[in-house]
S.K.: 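Can you keep this structure in mind? I'll have questions shortly.
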Amino acid sequence: MIAIEARGLTKKFGNFTAVDNLNLTVEAGLAFGLLGPNGAGKTTTIRMITGLIKPTAGTVKVYGHDVSSERSKVIEKIGYMPQKFGLYEDLTVEENMVLFGRLYGLSKSDSLQRSRELMEFLDLKEFRNRLAGKLSGGTKQRLALAVALIHDPLLLILDEPTAGVDPPIRRQFWEIFRDLNRKGKTILLTTHYMDEAENCDKLALMSSGRIIAEGSPSEVKRKAFGGDIVEIVLSKPINIDLQGVKVMEAGDGRMKLLVDDYSARVSQIIARFGPDLRDIRPVHVSLEEAFIKLMRG
Amino acid sequence: MKFTAVVEKELRQLIRDPKTVFMVLLMPIILTILFGYGYGGRTSFPIAIVNMDQKTGGYTLSDQLRNMFDVKAYARTREEAVELVRKGRVYAAVVIPKGFTEDMIAGRMTSLEVIYDASEPVVAQSIMQMVGVIVLQFEIWASEKFKTFSISPLFYSVYGPGAERVENFLPVLMGTLLQLVPTSLISVSVCRERERGTFEQFAMTPASRFDIILGKLVAYFIATISDVFLTILIAMLLFGVQFRGGMLDLMLLSSIFLVCSLSMGLLISVLSKNQLQAYQASIFAFIPSMLFSGMFTPVNLLSDVAKIIGHSLPLYYYLDAFKAIAFKGMNLQLLTYDLEVILIFTIIFSILSMDLLRMRVE
């Protein structure tokens with residue numbers, strides 16, 4: 001099933017094109033990351049998907065419903081967490097949750113019941129009667145996530161959910177996201193933390209309003225370099241003449257190779273060099289390196 | 001109903017905001033007292049003396065009155081004195097009776113009549129107190145010199161032209177408290193949500209524009225309705241304002257006008273980009289109301305253009321009906337035209353607010 005399908009999505013603010021003819025497909029049940037530097041157009045894209053801003057051109061469908069013409073159906077399916085904390089700082093944790101539950105059409109008692117469950121799930125019980133404005137950054141984000149989940153939506157759209165959050169809490173967030181994925185929820189999130197993006201099932205790298213690469217983290221890396229990077233150590237210099245293998249760096253015996261598909265070629269390499277091959281290992285490339293490579297073109 | 005959730009939320013926020021407490025509870029108290037004393041309070045009061053005694057006792061008492069009051073006139077008869085008070089030349093007249101000196105020497109009890117202007121209750125009260133002090137001092141002086149002597153002051157009230165002054169300060173006050181205060185209070189409510197980012201979260205819920213507008217309107221009405229009661233109560237208790245018409249009619253009329261002001265404030269809020277703009281707009285909207293609705297200048301005395309402006313403002317219809325009930329003793333059934341116009345304004349403001357509110361963040 002397709003959770004989000006955007007076609008030709010474009011947003012212009014005056015002369016500035018924030019999002020440029022973007023196509024995006026998010027399959028249901030995945031954690032999908034929109035990755036890119038500030039100003040790449042991630043938030044604008046997300047706001048067009050939620051219907052909070054109107055696209056200059058293009059269409060978005062959420063679970064088959066058009067965002068502009070069937071907004072009420074779309075809204076029920078989305079749990080949304082904006083980049084800037086969007087809850088009432090002068091209401092308590094529980095008051096905020098109950099309020100939003102009721103705005104989604106739950107009765108007062110159902111909303112309270114649901115809030116209690118989520119407070120349990122997200123470790124918010126001890127802050128129940130604290131004003132939202134008096135919470136720490138990480139707790140605020142947990143509350144925002146709780147409100148996004150209040151009506152048990154199919155799709156979570158989270159704009160920088162872990163921005164300004166300590167690494168242990170960030171890890172906790174990812175455990176929660178994984179848990180939600182297992183329950184069949186789809187997650188679309190934006191981030192500019194490259195290490196965090198490694199956790200996503202699929203990624204779309206954005207730069208200047210466009211998607212410059214898409215796929216799983218390893219697919220994106222392979223796309224960036226045109227293959228996998230492998231380091232080998234040979235006992236004596238040997239000429240490399242294998243199909244699908246290129247030399248990137250060569251030094252006395254230690255070499256970096258670019259292999260079109262490591263898992264397919266590894267046995268060929270071992271067979272070719274035989275006992276002269278002392279070591280072979282794939283080089284871990286970070287998404288950051290891949291991203292920089294992609295940006296330079 | 002989702003709007004009840006909005007009402008609850010708004011009320012919680014209003015209660016937790018110290019600004020609301022100031023605007024809603026303290027403003028009416030401060031303004032009413034300020035206006036009341038502004039129109040009534042003096043330090044030196046002009047009075048008249050009628051000295052029918054024309055002997056030592058009478059002259060001595062006159063001197064003492066002169067020390068405390070601004071004695072503007074000496075009348076020969078009581079009737080003349082009453083006339084001076086009625087015309088508003090003086091706030092009070094003190095009548096020293098014939099045979100005052102004889103009574104003093106003989107130690108007989110005598111009376112002293114004070115004719116005061118009841119349309120200036122604050123002034124009247126001060127004058128009574130001051131006369132009381134003078135009388136006491138005079139009694140002590142006379143009792144030491146002659147025999148034990150006592151004077152009992154008699155107070156007689158007359159309505160002077162000042163009655164108009166009391167009638168004038170109330171419409172000004174009601175106009176300010178029922179238009180400027182609620183309008184500016186609610187005018188920031190939508191744009192504040194946009195500024196703080198809470199609107200972005202709100203707009204992602206299935207709550208409709210109707211829920212927001214109605215929810216805010218009801219919550220702010222509950223919060224500001226006390227202004228109506230407080231103002232009328234203070235005016236009556238502290239300044240002795242007397243209403244000829246029905247209290248219930250006045251309250252009902254004022255409540256309907258309050259809803260009208262709130263809906264206007266919401267419209268301003270929907271149209272404003274930020275809180276500062278909203279505040280400025282609500283004050284700006286108040287200026288023509290202040291000038292052309294009969295708050296200060298009666299509408300009949302305005303130029304034709306000003307009259308037309310006046311007639312296109314809800315405050316004009318409210319003040320028209322308010323004066324009719326409060327001072328002419330009319331009831332609300334006779335004022336359906338004013339009521340209808342106020343209601344039409346309210347409906348137009350509310351519908352426009354809903355229509356112009358965008359559930360987006362652009």
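Numbered from 1 within each chain, the chains take letters A, B, ... in sequence-line order.
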S.K.: Calculate, to the nearest 0.5 Å, the distance between atoms CD and OG1 belonging to Glu200(B) and Thr50(A) respectively.
M.R.: 7.5 Å
S.K.: Name the region of Arg102(A), side chain, backbone, both or neither, that has any atom closer than 4.5 Å to a heavy atom of chain B.
M.R.: both
S.K.: For chain B, which residues from residues 60-91 of chain A lie under 4.5 Å away (heavy-atom distances)?
M.R.: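 From residues 60-91 of chain A, the residues near chain B are Arg71(A), Ile75(A), Ile78(A), Tyr80(A), Pro82(A), Lys84(A), Phe85(A), Gly86(A), Leu87(A), Tyr88(A), Asp90(A), Leu91(A).
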S.K.: Does CZ belonging to Arg210(A) count more than 12 external heavy atoms closer than 6.0 Å?
M.R.: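 It does not: Arg210(A) CZ has 12 such atoms or fewer within range.
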S.K.: Who pairs with Lys108(A) by salt bridge (charged side-chain N to carboxylate O under 4.0 Å, His left out), at least two apart in sequence or on another chain?
M.R.: Glu8(B)
S.K.: Mind checking what makes salt bridge (charged side-chain N to carboxylate O under 4.0 Å, His left out) contact with Arg116(A), not counting sequence neighbours?
M.R.: Glu94(A)
S.K.: Does any heavy atom of chain A fall under 4.5 Å from the side chain of Ser208(B), the backbone, both, or neither of them?
M.R.: neither
S.K.: Distance from Phe100(A) atom CZ to Lys9(B) atom NZ, nearest 0.5 Å?
M.R.: 8.0 Å
S.K.: Given side chains that start at C-beta, do those of Val6(B) and Leu99(A) come closer than 4.5 Å, heavy atoms only?
M.R.: no
S.K.: Does NZ in Lys273(B) sit with more than 12 non-hydrogen atoms of other residues, nucleotides or ligands closer than 6.0 Å?
M.R.: no
S.K.: Taking all non-hydrogen atoms of both residues, which atom of Met204(B) and which atom of Leu52(A) are closest, and how far apart?
M.R.: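 Where Met204(B) meets Leu52(A) most closely, the heavy atoms are SD-CG, 3.8 Å.
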S.K.: Nearest 0.5 angstrom please: Gln201(B) CD to Leu103(A) CG, how far?
M.R.: 10.0 Å
S.K.: Considering only heavy atoms, give the residues of residues 127-159 of chain A separated from chain B by less than 4.5 Å, sorted numerically, with 'none' for an empty result.
M.R.: Leu131(A), Val147(A)
S.K.: With a 4.5 angstrom heavy-atom cut-off, is it the side chain or the backbone of Phe202(B) that approaches chain A, or both, or neither?
M.R.: both
S.K.: Could you check whether atom NZ of Lys2(B) has more than 12 heavy atoms from other residues, nucleotides or ligands sitting under 6.0 Å from it?
M.R.: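 Atom NZ in Lys2(B) is crowded, with more than 12 foreign heavy atoms closer than 6.0 Å.
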S.K.: Report, as yes or no, whether the 6.0 Å neighbourhood of atom CG on Leu356(B) holds more than 12 heavy atoms from other residues, nucleotides or ligands.
M.R.: yes
